[in-house]
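What follows is one structure encoded as structure tokens, with my remarks underneath.
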Amino acid sequence: MSVPSRSPDLTSPRRPAAPARPADEPRAPGGREFEFGDRDFRRICDLIRARAGIALADGKRDMVYGRLSRRLRALGLRSFRDYLDRLEQDGGEEWQAFTNALTTNLTAFFREPHHFERLREELQACGGQEPIRLWSCAASTGEEPYSIAITACETFGTLAPPVRILATDVDTQVLATGERGIYPLERIANLDADLRRRYFQRGTGPNDGFARVNPALRRLIDFRPLNLLAPRYDVSGPYKAVFCRNVMIYFDKPTQRDILTRLVPHLADDGMLYTGHSENYLHAADIIQPCGRTLYRRARAAA
């Protein structure tokens with residue numbers, strides 16, 4: 001989930017944006033546009049933890065204010081208390097906007113390249129068996145599942161390799177970006193020139209400055225919303241590879257164990273869990289065991 005954190009404009013299309021605050025209108029204490037106190041921040045922390053498992057540190061206070069202020073403007077509200085009251089009483093679709101706003105998505109094509117080298121070895125060992133199921137469970141804006149798809153195409157020497165890739169994320173906005181498969185050219189600038197030529201189509205005219213993934217890659221991937229905190233995962237499996245990278249760092253240890261308990265049963269007997277470089281699971285040795293650099297297999301006790 002490496003590009004700067006996005007802070008999308010989440011204005012609902014069904015509600016007109018609130019008019020700009022007049023320059024002479026009183027502002028909240030501290031010079032902020034909206035009232036935002038410790039109690040508001042603690043409520044937000046509790047709500048996003050319950051909704052998506054994200055544990056917000058105190059240092060995220062300004063980030064939270066900046067991202068959710070967009071929702072207050074869009075809804076014509078003047079205080080965070082009003083917004084949170086409305087969210088808890090009758091949030092409806094606003095819950096998704098709330099979650100999207102507080103989800104950080106950092107990603108890049110072929111991030112942590114050793115994972116894709118290992119994936120290629122694992123796919124080669126599969127031979128012609130199909131379908132080989134692969135899962136990117138924190139897919140963000142799509143760079144990871146498309147990197148998996150490119151790896152499969154390169155491994156089997158075809159744009160129609162025997163794989164099916166599931167790409168899921170709790171943030172519906174980033175999933176929509178992944179489904180479109182259109183990226184600024186700078187996002188693919190560091191890729192090998194041959195890979196850019198084979199798997200991306202450079203835009204012209206009004207699309208100048210952008211590239212679209214080869215439609216053949218898109219056909220290999222199913223994009224679908226999924227919350228890792230859900231009590232069960234409605235996915236097929238078993239999966240030869242599950243990429244769950246750089247997302248567990250937002251959860252505490254008990255939540256990580258709960259998620260692993262639900263993820264691991266979806267691994268094939270010889271499947272592998274690919275994790276982020278900042279994540280370790282020594283506290284879950286009864287569930288998964290290391291088998292390489294940030295790589296894990298199902299523990300014998302969990303088999």
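Keep in mind it's a predicted model, so treat the numbers as computed, not measured.
Remark: R42 CZ to R39 CZ distance equals 13.0 Å, nearest 0.5 Å. Taking CG of L87 as the reference point, atom CZ of R51 lies at 8.0 Å (rounded to 0.5 Å). Distance check: Y281 OH to I287 CD1 gives 10.5 Å after rounding to the nearest 0.5 Å. Atoms OG1 and CD, on T172 and E93 in that order, are 10.0 Å from each other to the nearest 0.5 Å. Taken to the nearest 0.5 Å, the CZ atom of R70 stands 14.0 Å off from the CG atom of L75. Distance check: Y239 OH to H266 NE2 gives 7.5 Å after rounding to the nearest 0.5 Å.
Hydrophobic clustering keeps V170 apart from L68 (ILVMFWY residues linked when any side-chain heavy atoms are closer than 4.5 Å, directly or through intermediates). Under the 4.5 Å side-chain heavy-atom criterion for ILVMFWY residues, a single connected hydrophobic cluster contains both I44 and M63. Cluster annotation: L229 and L273 are assigned to the same hydrophobic cluster (Ile/Leu/Val/Met/Phe/Trp/Tyr, side-chain heavy-atom contacts under 4.5 Å, transitive).
Judged purely by atom type and a 3.5 angstrom limit, E279 uses its side chain to pair as donor or acceptor with the backbone of N246. Here the side chain of R71 pairs no donor or acceptor atom with the backbone of R67 at under 3.5 angstrom. For the pair Q289 (side chain) and Y296 (backbone), a donor-acceptor distance under 3.5 Å is absent. The closest donor-acceptor contact from the side chain of D252 to the backbone of T255 lies under 3.5 Å. At distances below 3.5 Å, not a single donor-acceptor pair connects side-chain atoms of R120 with backbone N or O atoms of T151. Remark: side-chain polar atoms of T158 are paired, donor with acceptor, to backbone N or O of A160 under 3.5 angstrom. In this structure, the side chain of D208 does not engage the main chain of G205 through any donor-acceptor pair within 3.5 Å. Looking only at distances, no side-chain donor or acceptor of Y83 sits under 3.5 Å from a matching main-chain atom of L77. Listed for the Q89 side chain is no donor-acceptor partner under 3.5 Å among the backbone atoms of R86.
Nearest heavy atom pair, residue L47 against residue E88, reads CD2-OE2, 3.6 Å. The heavy-atom pair separating I165 from P145 by the smallest distance is CD1-O, 4.0 Å. The heavy-atom pair separating D169 from A139 by the smallest distance is OD2-N, 3.5 Å. Looking at every heavy atom in both residues, I132 comes nearest to C126 through CD1-CB, 3.6 Å. Between L217 and C153, the shortest heavy-atom contact is CD2-SG, 3.8 Å. In plain terms, the two heavy atoms of L123 and A152 that are nearest each other are CD1-CA, 3.8 Å.
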Begin from the C-alpha positions of V64 and F36 and carry the test side chain to side chain contact (heavy atoms under 4.5 Å, CB included) through to its verdict. CA-CA 10 Å; V64 167; F36 183 60; 4.2 Å; yes

Can S79 and D82 be said to form a side-chain hydrogen bond (donor to acceptor under 3.5 Å, both in side chains), step by step? CA-CA 5 Å; S79 73; D82 291 343; 3.2 Å; yes

Decide side chain to side chain contact (heavy atoms under 4.5 Å, CB included) for D192 and R196; before the verdict, give the C-alpha distance in whole Å, the side-chain angles of both, and the deciding distance to 0.1 Å. CA-CA 6 Å; D192 178 84; R196 293 200 303 267; over 6 Å; no

Verify side chain to side chain contact (heavy atoms under 4.5 Å, CB included) between Y146 and F110, making sure each step is shown before the conclusion. CA-CA 9 Å; Y146 285 122; F110 292 97; over 6 Å; no

Can you list the steps and then say if L260 with I288 is a side chain to side chain contact (heavy atoms under 4.5 Å, CB included)? CA-CA 8 Å; L260 289 172; I288 53 172; 4.0 Å; yes

Output side-chain donor-acceptor pairs under 3.5 Å for residues 175-183, partner residues at least two apart or in another chain, one line each.
from : atom 1 : to   : atom 2 : distance (Å)
T177 : OG1    : Q173 : O      : 3.4
T177 : OG1    : R180 : NH2    : 3.2
E179 : OE2    : R218 : NH2    : 3.0
Y183 : OH     : T141 : O      : 2.6

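Counting heavy atoms of neighbouring residues, nucleotides and ligands inside a 6.0 Å radius, atom CG of N190 does not exceed 12 of them. Residue R293 places its CZ atom among 12 or fewer non-hydrogen atoms of other residues, nucleotides or ligands, all under 6.0 Å distant.
With salt bridges taken as basic N to acidic carboxylate O contacts below 4.0 Å, none links E35 and R81. A salt bridge links R297 with E122: the closest approach of a Lys/Arg side-chain nitrogen to an acidic carboxylate oxygen falls below 4.0 angstrom. Ion pairing of D46 with R43 is absent here, as no side-chain N (NZ or NE/NH1/NH2) approaches a carboxylate O to less than 4.0 Å. Looking at R61 and D38, a side-chain N of the basic residue comes within less than 4.0 Å of a carboxylate O on the acidic one, giving a salt bridge. In summary, D222 and R133 do not engage in a salt bridge, as defined by a charged side-chain N under 4.0 Å from a carboxylate O. For R111 and E143, the salt-bridge test fails: no basic side-chain N is under 4.0 Å from an acidic carboxylate O. Checked for salt-bridge contact, D62 and R32 meet the test: a charged N lies under 4.0 Å from a carboxylate O. Note on K240 versus D269: no salt bridge recorded, every NZ/NE/NH1/NH2 to OD/OE distance being 4.0 Å or above.
In this structure, the side chain to side chain contact (heavy atoms under 4.5 Å, CB included) partners of Q201, at least two apart in sequence or on a different chain, are R212, P215.
Between P290 and L295 the shortest side-chain heavy-atom distance does not fall below 4.5 Å. With a 4.5 Å cut-off on side-chain heavy atoms, I150 and F200 count as touching. Within the 4.5 Å cutoff, no side-chain heavy atoms of L195 are placed close to those of F109. Using a 4.5 Å cut-off on side-chain heavy atoms (C-beta onward), I148 and S136 make contact. Contact annotation: the side chain of D58 approaches that of F41 to within less than 4.5 Å [non-hydrogen atoms, C-beta and beyond]. No side-chain heavy atom of L166 sits less than 4.5 Å from a side-chain heavy atom of L134. Looking at M272 and L267, their side chains never come closer than 4.5 Å, going by heavy atoms from C-beta outward. Counting heavy atoms from C-beta outward, T168 and N227 have side chains that stay 4.5 Å or more apart.
Counting only N and O atoms by type, the side chains of R245 and H277 include no donor and acceptor under 3.5 Å apart. Under the 3.5 Å distance criterion, with hydrogens and angles disregarded, a donor-acceptor pair is assigned to the side chains of E154 and Y199. In the model, D258 has no side-chain atom that pairs as donor or acceptor with a side-chain atom of T261 under 3.5 Å. With no hydrogens or angles considered, a side-chain donor-acceptor pair links T294 and H114 at under 3.5 Å. Judged by distance alone, the side chains of T155 and Q124 never bring a donor and an acceptor atom under 3.5 Å apart. No side-chain donor-acceptor contact under 3.5 Å links E112 and Y274.
Using the six-membered ring where Trp is involved, W95 and F98 have ring planes that are perpendicular, over 60° apart on the 30 and 60° scheme.
Checked against a 6.0 Å centroid threshold, the rings of F80 and Y65 count as neighbours. A centroid separation of less than 6.0 Å is found between the aromatic rings of F243 and F116.
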